[in-house]
Amino acid sequence: MTHDPYSALAVSLRENAAKKAAEALTGVTAELGTVTGSGLKLDSFKHEIQEYLVAEFPGTLKLPELKLVGGVRGLKDSGGGNVEGQGEFAFLPSETKETVLSLKYQPGDRVLALPLNGGNDAIVLCRVVSGNG
(Lines give C-alpha, C1' and ligand atoms only; values in the text may rest on other atoms or scores of the structure.)
Protein backbone atom coordinates (compact mmCIF):
# COMPACT_ATOMS: atom_id res chain seq x y z
CA MET A 1 0.00 0.00 0.00
CA THR A 2 1.40 3.38 -0.97
CA HIS A 3 1.21 6.42 1.24
CA ASP A 4 0.06 9.62 -0.50
CA PRO A 5 2.05 12.49 1.09
CA TYR A 6 -0.26 15.14 -0.41
CA SER A 7 -3.37 13.62 1.18
CA ALA A 8 -1.57 13.37 4.51
CA LEU A 9 -0.54 17.03 4.25
CA ALA A 10 -4.11 18.09 3.38
CA VAL A 11 -5.53 16.13 6.33
CA SER A 12 -2.92 17.63 8.67
CA LEU A 13 -3.63 21.17 7.47
CA ARG A 14 -7.38 20.68 7.85
CA GLU A 15 -7.00 19.28 11.37
CA ASN A 16 -4.68 22.10 12.42
CA ALA A 17 -7.02 24.73 10.97
CA ALA A 18 -10.00 23.21 12.80
CA LYS A 19 -8.00 23.10 16.05
CA LYS A 20 -6.92 26.76 15.75
CA ALA A 21 -10.47 27.86 14.89
CA ALA A 22 -11.81 26.01 17.94
CA GLU A 23 -9.16 27.67 20.14
CA ALA A 24 -10.03 31.12 18.77
CA LEU A 25 -13.73 30.62 19.40
CA THR A 26 -13.37 29.17 22.90
CA GLY A 27 -15.53 31.17 25.30
CA VAL A 28 -17.52 32.91 22.58
CA THR A 29 -20.71 30.96 23.23
CA ALA A 30 -23.29 33.06 25.09
CA GLU A 31 -24.75 31.48 28.18
CA LEU A 32 -27.18 32.17 30.98
CA GLY A 33 -26.16 33.36 34.40
CA THR A 34 -27.47 35.05 37.53
CA VAL A 35 -26.37 38.35 39.02
CA THR A 36 -25.53 37.88 42.70
CA GLY A 37 -24.93 40.38 45.47
CA SER A 38 -21.18 40.20 44.87
CA GLY A 39 -20.74 39.19 41.23
CA LEU A 40 -21.99 37.00 38.40
CA LYS A 41 -22.62 33.23 38.52
CA LEU A 42 -22.69 31.57 35.10
CA ASP A 43 -24.79 28.41 34.87
CA SER A 44 -21.93 26.31 33.44
CA PHE A 45 -19.11 27.67 35.62
CA LYS A 46 -18.88 26.65 39.27
CA HIS A 47 -17.14 29.81 40.52
CA GLU A 48 -18.64 33.27 40.83
CA ILE A 49 -17.03 35.97 38.70
CA GLN A 50 -16.45 38.89 41.09
CA GLU A 51 -15.67 41.58 38.51
CA TYR A 52 -17.57 41.40 35.25
CA LEU A 53 -18.23 43.78 32.37
CA VAL A 54 -21.59 45.21 31.33
CA ALA A 55 -22.43 46.12 27.74
CA GLU A 56 -23.41 49.71 26.95
CA PHE A 57 -25.29 50.69 23.84
CA PRO A 58 -24.20 54.08 22.43
CA GLY A 59 -26.23 55.74 19.72
CA THR A 60 -28.77 58.39 18.85
CA LEU A 61 -32.10 58.50 20.68
CA LYS A 62 -34.94 59.35 18.30
CA LEU A 63 -38.41 60.05 19.68
CA PRO A 64 -41.45 60.39 17.39
CA GLU A 65 -44.18 63.00 17.70
CA LEU A 66 -46.33 62.13 20.68
CA LYS A 67 -49.66 63.39 22.06
CA LEU A 68 -50.91 62.52 25.52
CA VAL A 69 -54.20 63.40 27.19
CA GLY A 70 -54.24 63.89 30.92
CA GLY A 71 -55.01 66.04 33.90
CA VAL A 72 -53.17 69.01 35.39
CA ARG A 73 -53.12 69.82 39.10
CA GLY A 74 -50.87 71.83 41.37
CA LEU A 75 -49.68 74.35 38.79
CA LYS A 76 -49.91 78.10 39.38
CA ASP A 77 -50.84 80.73 36.81
CA SER A 78 -49.03 84.07 36.54
CA GLY A 79 -51.37 85.57 39.18
CA GLY A 80 -50.61 82.79 41.69
CA GLY A 81 -53.93 81.01 41.20
CA ASN A 82 -54.28 77.26 40.92
CA VAL A 83 -54.53 75.67 37.48
CA GLU A 84 -56.44 72.41 37.18
CA GLY A 85 -58.18 70.53 34.40
CA GLN A 86 -57.82 68.18 31.47
CA GLY A 87 -55.58 68.84 28.53
CA GLU A 88 -53.66 67.47 25.61
CA PHE A 89 -49.89 67.53 25.72
CA ALA A 90 -48.09 67.50 22.37
CA PHE A 91 -44.40 66.65 22.04
CA LEU A 92 -42.52 67.33 18.83
CA PRO A 93 -40.17 64.72 17.35
CA SER A 94 -36.70 64.97 18.84
CA GLU A 95 -33.25 63.51 18.36
CA THR A 96 -30.52 63.33 20.99
CA LYS A 97 -27.03 62.44 19.79
CA GLU A 98 -24.39 60.65 21.86
CA THR A 99 -26.91 58.85 24.05
CA VAL A 100 -25.74 55.80 26.00
CA LEU A 101 -28.16 53.16 27.22
CA SER A 102 -26.63 51.65 30.37
CA LEU A 103 -28.49 48.73 31.86
CA LYS A 104 -28.61 48.23 35.64
CA TYR A 105 -28.91 44.77 37.12
CA GLN A 106 -30.12 43.63 40.53
CA PRO A 107 -29.13 40.49 42.46
CA GLY A 108 -31.27 37.61 41.23
CA ASP A 109 -31.60 38.93 37.65
CA ARG A 110 -31.13 36.25 35.00
CA VAL A 111 -28.77 37.50 32.29
CA LEU A 112 -27.23 36.52 28.97
CA ALA A 113 -23.43 36.73 29.16
CA LEU A 114 -20.40 36.06 27.00
CA PRO A 115 -17.64 34.33 28.99
CA LEU A 116 -14.11 35.39 27.98
CA ASN A 117 -10.55 34.34 28.82
CA GLY A 118 -11.50 30.78 29.65
CA GLY A 119 -14.38 31.86 31.88
CA ASN A 120 -12.29 34.21 34.02
CA ASP A 121 -14.10 37.27 32.64
CA ALA A 122 -17.58 37.85 31.27
CA ILE A 123 -19.60 40.54 29.52
CA VAL A 124 -23.26 40.78 30.52
CA LEU A 125 -25.30 41.64 27.41
CA CYS A 126 -28.86 41.85 28.71
CA ARG A 127 -31.39 40.67 31.25
CA VAL A 128 -33.41 37.58 30.27
CA VAL A 129 -37.10 37.40 31.15
CA SER A 130 -39.88 34.90 30.59
CA GLY A 131 -41.61 34.98 27.23
CA ASN A 132 -44.93 34.85 29.09
CA GLY A 133 -44.49 38.30 30.59
Side-chain angles (χ1 to χ4, degrees):
M1 179 183 262
T2 61
H3 179 67
D4 182 2
Y6 297 108
S7 293
L9 177 62
V11 168
S12 177
L13 287 173
R14 183 176 27 173
E15 288 174 353
N16 284 337
K19 181 179 176 185
K20 289 297 181 187
E23 287 175 7
L25 294 175
T26 299
V28 176
T29 302
E31 63 180 85
L32 293 174
T34 303
V35 174
T36 66
S38 59
L40 173 67
K41 173 67 177 78
L42 298 177
D43 290 358
S44 68
F45 192 62
K46 67 179 179 177
H47 299 290
E48 180 180 78
I49 299 170
Q50 301 289 319
E51 295 181 21
Y52 58 92
L53 304 168
V54 177
E56 285 187 340
F57 302 97
T60 300
L61 176 63
K62 296 181 181 181
L63 298 174
E65 181 178 340
L66 176 65
K67 291 185 181 181
L68 300 172
V69 176
V72 176
R73 271 185 271 177
L75 297 177
K76 303 282 185 189
D77 63 17
S78 59
N82 288 333
V83 176
E84 292 186 15
Q86 295 292 323
E88 180 178 278
F89 303 91
F91 299 91
L92 298 175
S94 67
E95 187 173 297
T96 305
K97 296 182 190 273
E98 298 181 20
T99 304
V100 176
L101 175 61
S102 297
L103 304 176
K104 303 293 181 195
Y105 302 104
Q106 302 296 322
D109 283 350
R110 295 286 288 159
V111 295
L112 181 65
L114 287 174
L116 303 170
N117 299 328
N120 294 319
D121 297 312
I123 300 173
V124 174
L125 300 176
C126 62
R127 185 172 54 211
V128 179
V129 297
S130 168
N132 299 330

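Just so it is clear, the values below take in all heavy atoms, side chains as well, and ignore hydrogens, waters and symmetry mates.
Applying the side-chain contact (heavy atoms from CB on, under 4.5 Å) criterion to Glu51, with sequence neighbours excluded, gives no partner residue. Residues meeting the side-chain contact (heavy atoms from CB on, under 4.5 Å) test with Gln86, sequence neighbours left out: none. Residues satisfying the side-chain contact (heavy atoms from CB on, under 4.5 Å) criterion with Tyr105, sequence neighbours excluded, are Val35, Val54, Leu103, Asp109, Val111, Val124, Arg127. In terms of the side-chain contact (heavy atoms from CB on, under 4.5 Å) criterion, Ser78 has no residue partners (sequence neighbours excluded).
Listed by first and then second residue, the salt bridge (charged side-chain N to carboxylate O under 4.0 Å, His left out) pairs that reach into residues 66-84 come to none, sequence neighbours excluded.
Put simply, the side chain of Phe91 reaches to within 4.5 Å of the side chain of Leu68, judged on heavy atoms. Residues Glu48 and Thr36 have side chains in contact (heavy-atom distance under 4.5 Å, counting atoms from C-beta outward). You'll find the side chain of Asp121 stays beyond 4.5 Å of the side chain of Leu53, heavy atoms only. Within the 4.5 Å cutoff, the side chain of Leu63 has heavy atoms near those of the Ser94 side chain.
Under the 4.5 Å side-chain heavy-atom criterion for ILVMFWY residues, no single connected hydrophobic cluster contains both Ile49 and Val128. Connection of Leu40 to Leu114 is not established within any shared hydrophobic cluster, with ILVMFWY side chains joined at heavy-atom distances below 4.5 Å, either directly or through further cluster members.
Rounding to the nearest 0.5 Å places OG1 of Thr34 at 5.5 Å from CG of Asp43. Separation of atoms CG (Leu116) and OH (Tyr52) is listed at 14.5 Å; rounding is to 0.5 Å.
Remark: Gln50 CD is packed, more than 12 non-hydrogen atoms of other residues, nucleotides or ligands lying under 6.0 Å away.
Residues Glu95 and Thr60 bring no donor and acceptor atom of their side chains to less than 3.5 Å of each other.
The shortest non-hydrogen separation linking Leu112 to Ala30 is CD1-CB, 3.7 Å.
If you chain together ILVMFWY residues whose side-chain heavy atoms come under 4.5 Å of each other, Val69 ends up in a group of its own.
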**OP:** For the pair Phe89 and Val72, evaluate side-chain contact (heavy atoms from CB on, under 4.5 Å) and give the outcome as yes or no after the intermediate values.
**Re:** CA-CA 10 Å; Phe89 303 91; Val72 176; 3.3 Å; yes
